[in-house]
Amino acid sequence: KSSPVFKKTTSKDGGEGAFPKANLVKNQVMGTAANDKVFQGAKVTSKMTPMDILIGKLRAAFPNVTVSTSQEEFNSIVSKKGVISKKSKGKVIYGLTTDGKIYLNPENASLATPIHEFGHIWMDFLRSKASGEKGTQLLNQGLKLVNGTEAHKKAIEKYGDTELAKEEALVELMASKGEAIINAAEKSKFKSWLNGVFKFIQEKFTTTKELDADGIKDMSIDDFINTGLADLFVGKNLGGKGFDAKAESQKTAELYKTEGLARLEIGDDVDAFVTKAKKLGYSDALINIALKKQGKVQKKGVTENTQPEV
């Protein structure tokens with residue numbers, strides 16, 4: 001919450017260009033925390049992990065979207081009839097968005113997953129009336145740009161050759177780039193990696209609010225991804241009172257004929273993956289690296305579960 005507060009002052013504040021003192025920032029942040037919807041979630045914690053911090057930042061864009069990191073809740077929702085399509089069978093489910101709520105799988109924690117799932121909420125926002133005509137134009141441009149890309153082809157393997165695959169490709173691109181920026185920020189001079197991410201995105205990327213019709217028409221796929229990340233990390237409520245995340249999520253479910261949007265990766269059918277990878281000429285070392293990233297390892301012909309690296 002401090003990242004959008006701890007910024008250079010303007011002429012209105014006096015001393016233009018200076019940063020506010022730490023005590024001022026602390027008072028501004030804590031003075032409103034009790035009434036801030038971003039801090040009103042399904043779980044209260046006294047220790048902030050990188051995942052908690054990231055979720056808090058993303059919820060600033062959509063404060064009414066709650067996020068569950070409970071294994072019990074996750075197991076319950078993924079076993080609910082109709083939530084996951086048959087295409088998810090045999091794959092590891094990292095996260096799920098349904099009815100405007102996000103469920104993360106703590107057994108396969110990755111900072112890319114909440115970005116992916118909030119990417120779905122952002123896409124719902126673009127589809128909604130709350131985003132106006134500009135949102136519709138931006139969404140249509142993104143779906144057009146991703147068509148036929150490598151990301152789209154990979155999504156088709158998981159979700160079939162459907163419109164859903166296009167959206168999944170877009171939000172996965174957002175997740176991958178967002179995670180890469182976080183990894184770079186952790187190595188930067190900033191004391192807080194989140195402030196490093198916020199500063200970089202603020203300076204380099206353009207939000208939807210700053211775009212015009214020509215900007216949307218001429219944008220590249222990278223521009224679209226950058227705008228999505230800029231909106232999610234800007235620290236401001238995008239939808240306002242006019243965006244109903246639950247209602248829009250239900251409309252999306254009807255559109256794609258599914259009750260939930262899941263982030264899927266390699267799952268139980270590892271043998272098929274290994275066979276395919278070897279036919280393509282990949283070495284055992286590269287195959288094992290890929291499996292390890294998904295929480296799996298191949299050992300003497302037997303696939304065993306391991307904890308994925310975060």
Side-chain angles (χ1 to χ4, degrees), residues 1 37-85 87-122 158 168 171-172 174-176 178-183 185-186 192-194 197 232-233 245-246 249 258-270 289-297 303-310:
K1 184 171 171 61
K37 288 185 178 180
V38 171
F39 295 97
Q40 298 170 13
K43 181 181 178 183
V44 176
T45 179
S46 59
K47 293 183 179 180
M48 296 289 284
T49 66
M51 182 69 77
D52 294 325
I53 294 169
L54 176 59
I55 291 170
K57 185 64 176 178
L58 295 172
R59 284 196 67 211
F62 298 105
N64 291 324
V65 175
T66 56
V67 181
S68 170
T69 56
S70 159
Q71 190 69 58
E72 183 178 13
E73 281 195 74
F74 180 82
N75 291 343
S76 175
I77 197 67
V78 297
S79 63
K80 184 179 176 182
K81 183 179 179 180
V83 167
I84 306 297
S85 68
K87 295 182 178 65
S88 68
K89 187 178 180 180
K91 297 181 175 68
V92 175
I93 303 170
Y94 282 179
L96 170 72
T97 299
T98 183
D99 288 335
K101 183 173 181 177
I102 293 172
Y103 299 85
L104 302 179
N105 184 356
E107 285 188 349
N108 291 280
S110 164
L111 293 181
T113 303
I115 301 174
H116 178 112
E117 299 304 333
F118 269 98
H120 282 303
I121 302 294
W122 181 64
K158 300 176 186 177
E168 288 291 347
V171 295
E172 188 60 20
M174 288 172 60
S176 298
E179 188 175 44
I181 294 171
I182 290 173
N183 291 338
E186 287 180 326
S192 164
W193 61 263
L194 182 59
V197 171
L232 291 180
F233 280 89
K246 181 177 180 179
S249 179
T258 180
E259 291 186 26
L261 302 178
R263 183 175 186 238
L264 311 174
E265 291 298 342
I266 304 164
D268 298 329
D269 195 9
V270 176
I289 289 173
L291 291 172
K292 187 177 180 181
K293 285 184 177 180
Q294 305 306 328
K296 302 284 184 178
V297 63
T303 303
E304 299 176 349
N305 287 319
T306 63
Q307 288 297 317
E309 294 181 354
V310 178

Item to check | Shortest non-hydrogen contact between P106 and T69, atoms and distance | outcome: CG-O, 3.5 Å

Next on the checklist: Looking at every non-hydrogen atom in both residues, tell me the closest pair between I93 and A262 and how far apart they are.
Outcome noted: CG2-CB, 4.0 Å

Checklist entry - Looking at side-chain heavy atoms only, is the closest gap between P114 and L104 below 4.5 Å? => result yes

Checklist entry - If we only count heavy atoms from C-beta on, is the E168 to H120 side-chain gap below 4.5 Å? => result yes

Next on the checklist: Within the structure provided, determine whether V197 and K57 are in side-chain contact (heavy-atom separation under 4.5 Å).
Outcome noted: no

Checklist entry - Do Y94 and H116 have side-chain heavy atoms sitting under 4.5 Å apart? => result no

Next on the checklist: In the structure I gave you, are the side-chain heavy atoms of I102 and I121 within less than 4.5 Å of one another anywhere?
Outcome noted: yes

Checklist entry - Could you state the interatomic distance from OH (Y103) to CD1 (I77), rounded to the nearest 0.5 Å? => result 4.0 Å

Checklist outcome for this item: Tightest non-hydrogen contact, residues E117 and T97, listed as OE1-OG1, 2.5 Å

Next on the checklist: Could you tell me if the side chain of K101 sits less than 4.5 Å from the side chain of K246, heavy atoms only?
Outcome noted: no

Next on the checklist: Using 0.5 Å steps for rounding, measure from the CG atom of L54 to the CZ atom of F233.
Outcome noted: 5.0 Å

Item to check | Side-chain donor-acceptor pair present, N183, E179, cut-off under 3.5 Å | outcome: no

Checklist entry - Is a side-chain donor or acceptor of S176 paired with a backbone partner of E172 at a separation under 3.5 angstrom? => result yes

Checklist entry - If every non-hydrogen atom of P50 is compared with every non-hydrogen atom of W193, which pair is closest and at what distance? => result O-CZ2, 3.6 Å

Checklist entry - Less than 4.5 Å apart, any side-chain heavy atom of V78 and any of N105? => result no

Checklist entry - Can you tell me how far the CD atom of Q71 sits from the OG atom of S76, to the nearest 0.5 Å? => result 11.5 Å

Next on the checklist: For the CG atom of N64 and the OG1 atom of T66, what is their distance to the nearest 0.5 Å?
Outcome noted: 9.5 Å

Next on the checklist: Within this structure, what is the CG-CD1 distance for the pair L111 and I181, rounded to the nearest 0.5 Å?
Outcome noted: 13.0 Å

Checklist entry - Which heavy-atom pair separates A175 from A112 by the least distance, and what is that distance? => result CB-O, 3.2 Å

Item to check | Student check: side-chain heavy atoms of W122 and V171 closer than 4.5 Å | outcome: no

Checklist entry - At their closest point, which heavy atom of F62 faces which heavy atom of L232, and how far apart are they? => result CE1-CD2, 3.9 Å

Next on the checklist: I need the T113 OG1 to N108 CG distance, nearest 0.5 Å.
Outcome noted: 8.0 Å

